Amino acid sequence: MAIDLTKIDYFTEEGSVDTVNSRTSADTDARMAEVWSALVKHLHAFAKEVDLKQGEWEAGIDFLTRTGQMCDENRQEFILLSDVAGLSMLTDAINNRELVGATESTVLGPFHVAGAPELPMGSNISLDGKGDSCLFDGRVVDRDGNPIEGARLDVWCDNADGYYDVQQPDIQPKWNNRGIFTTGADGKYSFKGAKPVSYPIPYDGPVGQLLKKLGRHPNRPAHMHYILSAPGYKTLCTHTFVDDDVYLKSDAVFGVKASLVAHFEKTPDGETDWHSPFDFVMVPA
Ligand code: BEZ
Ligand code: FE
């Protein structure tokens, strides 16, 4: 028997979303089907809204191809793309909605390295000794202000030249400006390090070209990175930002939150040039 061609759901501009989504098999994982169908819906709406030209589609495919080709074990250009598009911070916001009272989270970024040295409280993590020195200290507490014992603070920042150690493996000492500190019963932490400086995210690839086309700078305001973990508590990935930085209002990856801007005070008579106190509040897992 001949196929009734009038009954086939051929692709049309008007019916594009339904045509594509109706192909998804009924036994596809429900969440997969939900996410895919929403992605198709919004992608098609985007193409229709901007009246996407063939050459623009080709340029977009070329951009994504180059973004993927830039990725290796040391460089994650797709995360960078997500960061500059605000998608990383949006995902972070969606996933931390109900953490009332906790220190706010922000982006992880590409420069965290697992396995940094475990150091005694008060240690200096600046191994190249460059730049202004700073004492970072405070307490890790729960929402009632009780100290959290056994909280691990995994910290990292750039050096005074604006580079992470992993960006300059032949120049900086391994583990420069990195360390892990574990609180005792008083919940207190303290370590010394370089006062962070602002720096550009890697902009020698497709994401840098995109920023240039958009008239955007690639800089992040100076910050210290933290991942705090403690038994029974939700792991917190955050930064503290230097309060006088010119890029606080225009972070290339939208990571700044007012509550994370830390006070940095000059300490001319201190052991370090600066002191930045900051308390972290963790919530139960
Ligand atoms: C960072 O802070 O290390 C970072 C975050 C997002 C993109 C690039 C760098
Ligand atoms: Fe950073």
Side-chain angles (χ1 to χ4, degrees), residues 67-68 70-93 95-96 103-116 125-128 130-132 134 136 153-169 172 175-180 191 193-212 214 216-228 235-257 259-262 264 276 278:
T67 299
M70 196 83 196
C71 296
D72 59 25
E73 64 276 11
N74 299 314
R75 177 80 177 250
Q76 232 303 351
E77 194 77 358
F78 267 116
I79 294 185
L80 223 47
L81 178 57
S82 160
D83 293 340
V84 303
L87 183 61
S88 306
M89 281 304 288
L90 178 60
T91 307
D92 178 70
N95 284 271
N96 291 291
T103 297
E104 291 191 279
S105 54
T106 189
V107 279
L108 171 66
F111 299 124
H112 177 252
V113 182
I125 60 171
S126 170
L127 305 181
D128 64 5
K130 283 187 173 180
D132 282 3
C134 184
F136 298 83
L153 295 91
D154 188 342
V155 308
W156 71 103
C157 74
D158 60 344
N159 77 348
D161 298 328
Y163 293 101
Y164 289 85
D165 57 350
V166 288
Q167 293 177 287
Q168 296 187 314
Q172 295 190 38
W175 305 118
N176 193 26
N177 296 308
R178 296 178 190 273
I180 298 176
F191 63 94
K195 183 181 181 228
V197 300
S198 55
Y199 65 87
I201 63 169
Y203 62 96
D204 57 341
V207 171
Q209 291 160 8
L210 173 69
L211 290 179
K212 201 156 178 229
L214 296 172
R216 281 172 54 179
H217 70 71
N219 297 299
R220 296 215 64 205
H223 54 273
M224 177 65 74
H225 287 263
Y226 294 84
I227 296 176
L228 279 84
T235 296
L236 169 66
C237 176
T238 193
H239 310 348
T240 59
F241 291 91
V242 179
D243 54 356
D244 63 356
D245 197 285
V246 292
Y247 296 115
L248 282 174
K249 286 199 185 118
S250 62
D251 184 357
V253 303
F254 309 98
V256 182
K257 292 177 177 174
S259 67
L260 300 179
V261 178
F264 280 69
S276 180
F278 195 89

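When a ligand or atom number is given, it counts from 1 through the structure's own listing order. Computed from a predicted structure; not experimentally measured. Just so you know, these numbers use all the heavy atoms, side chains as well, and skip hydrogens, waters and symmetry mates.
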- Item | Proximal ligand 1 atoms for Phe111, defined as those under 4.0 Å from one of its heavy atoms | 3 (O), 9 (C)
- Asp251 and His223 side chains, donor-acceptor separation under 3.5 Å: no
- Item | Heavy-atom side-chain proximity of Trp156 to Ile125 below 4.5 angstrom | no
- Query: Quick one: which ligand 1 atoms are inside 4.0 Å of a heavy atom on His225?
  - Reply: 1 (C), 2 (O), 3 (O)
- Query: Considering only heavy atoms, does Leu80 approach ligand 1 within less than 4.0 Å through its side chain, its backbone, both, or neither?
  - Reply: side chain
- Task: Give a yes or no on whether a salt bridge exists between Arg220 and Asp83, defined as a side-chain N under 4.0 angstrom from a carboxylate O.
- Result: no
- Query: Closest non-hydrogen protein atom to atom 9 (C) of ligand 1, residue and atom name please, with distance?
  - Reply: Pro110 CD, 3.2 Å
- Per-atom filter on ligand 1: closer than 4.0 angstrom to a heavy atom of Asp83 are 6 (C), 7 (C)
- Give a yes/no verdict on whether any heavy atom in His223 is under 4.0 Å from an atom of ligand 1. yes
- Please identify which atoms of ligand 1 are closer than 4.0 Å to at least one heavy atom of Gly109. 4 (C), 5 (C), 6 (C)
- May I have the angle between Tyr164 OH and His225 NE2 with its vertex at the Fe ion (ligand 2), rounded to 10°? 90°
- Query: Heavy-atom distance under 4.5 Å between the side chains of Tyr226 and Thr103, does that happen here?
  - Reply: no
- Query: Taking atom types as modelled, is there a side-chain donor on Asn159 or Asn177 under 3.5 Å from an acceptor on the other?
  - Reply: no
- Item | Chi angles and distances behind the side-chain contact (heavy atoms from CB on, under 4.5 Å) call for Val197, Asp158 | CA-CA 7 Å; Val197 300; Asp158 60 344; 3.5 Å; yes
- Query: Of all the atoms in ligand 1, which lie at a distance below 4.0 Å from a heavy atom belonging to Ile201?
  - Reply: 7 (C), 8 (C), 9 (C)
- Consider only side-chain N and O atoms of Asp92 and Ser105, and report whether a donor and an acceptor are under 3.5 Å apart. yes
- Is there an N/O/S atom in His239 that lies less than 2.8 Å from the Fe ion (ligand 2)? no
- Task: With heavy atoms only and a cut-off of under 4.0 Å, state how Tyr199 meets ligand 1: side chain, backbone, both or neither.
- Result: side chain
- Note on the structure: To atom 2 (O) of ligand 1, the nearest of Met224, His239, Arg220 on a heavy-atom basis is Arg220
- Message: Check the orientation of His217 and Tyr247. Use parallel for under 30°, tilted for 30 to 60°, and perpendicular for over 60°.
- Response: tilted
